[in-house]
Amino acid sequence: MSGGDDGSLRGWDLATGTQIFSSVIHAAQIRSGAIGSAAPDVWMTGGYDKKVNAFDVRVKTLSYGMQLEDPVESVM
């Protein structure tokens, strides 16, 4: 997983170094990300657009989003 300044979330195949998918899920820079051990197919991201998003990699779409009052620099 990587998050970019363009708001895109990217999935990677580390063995080959190739990009598997890319999806713009934030309106500003992505500054944090986490993959939970209980649900490894749902990736959480936080960004300077003041949002926390949950992205389901099985269907490659947002499954949840939450608007906050401040930019998000850490998710756990």
Side-chain angles (χ1 to χ4, degrees):
M1 169 209 294
S2 67
D5 285 351
D6 61 354
S8 66
L9 175 68
R10 298 173 192 270
W12 299 90
D13 180 338
L14 295 179
T16 64
T18 58
Q19 180 178 298
I20 300 169
F21 69 87
S22 176
S23 183
V24 176
I25 62 169
H26 284 272
Q29 299 92 334
I30 295 176
R31 283 296 172 252
S32 58
I35 300 172
S37 59
D41 293 320
V42 178
W43 297 358
M44 301 298 295
T45 60
Y48 280 177
D49 59 355
K50 303 177 184 178
K51 290 184 181 178
V52 171
N53 288 327
F55 186 84
D56 190 328
V57 297
R58 296 167 293 190
V59 292
K60 299 192 179 41
T61 187
L62 284 179
S63 59
Y64 178 77
M66 179 174 31
Q67 183 74 40
L68 302 174
E69 294 183 18
D70 296 304
V72 180
E73 295 185 333
S74 179
V75 294
M76 294 175 41

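Heavy-atom basis, side chains included; hydrogens, waters and symmetry copies ignored.
- Across every non-hydrogen atom of Tyr48 and Glu73, the tightest pair is OH-OE2, 3.0 Å.
- In this structure, CG in Asp6 is found 11.5 Å from NE2 in His26, a value given to the nearest 0.5 Å.
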Inset, instruction - Evaluate the criterion side chain to side chain contact (heavy atoms under 4.5 Å, CB included) for residue pair Asn53 and Ile30; output intermediate values, then yes/no. - result: CA-CA 10 Å; Asn53 288 327; Ile30 295 176; over 6 Å; no
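- Considering CZ of Arg31 and OG1 of Thr45, their distance stands at 12.0 Å, rounded to 0.5 Å.
- The two residues Met1 and Ile35 come nearest to each other via the heavy atoms CE-CG1, 3.6 Å.
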Inset, instruction - Determine, stepwise, if the pair Phe55 / Met44 fulfils side chain to side chain contact (heavy atoms under 4.5 Å, CB included). - result: CA-CA 6 Å; Phe55 186 84; Met44 301 298 295; over 6 Å; no
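- Following chains of ILVMFWY side-chain contacts shorter than 4.5 Å, one cannot reach Val24 starting from Trp43, and the two form parts of different hydrophobic clusters.
- Side-chain atoms of Arg10 and Ser22, non-hydrogen and from C-beta on, do get closer than 4.5 Å to each other.
- In terms of modelled atom types and a separation under 3.5 Å, the side chain of Ser63 and the main chain of Ala54 share a donor-acceptor contact.
- Taking every heavy atom of both residues into account, Val72 and Lys51 meet most closely at CG2-O, 3.8 Å.
- Across Lys60 and Phe21, no two heavy atoms sit closer than the pair CE-CD2, 3.6 Å.
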Inset, instruction - Step by step, work out the side chain to side chain contact (heavy atoms under 4.5 Å, CB included) result for Gln67 and Lys50. - result: CA-CA 6 Å; Gln67 183 74 40; Lys50 303 177 184 178; 3.4 Å; yes
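- Paired with Val57 under the rule side chain to side chain contact (heavy atoms under 4.5 Å, CB included), one option of Asp41, Ile20, Leu9 passes, and it is Asp41.
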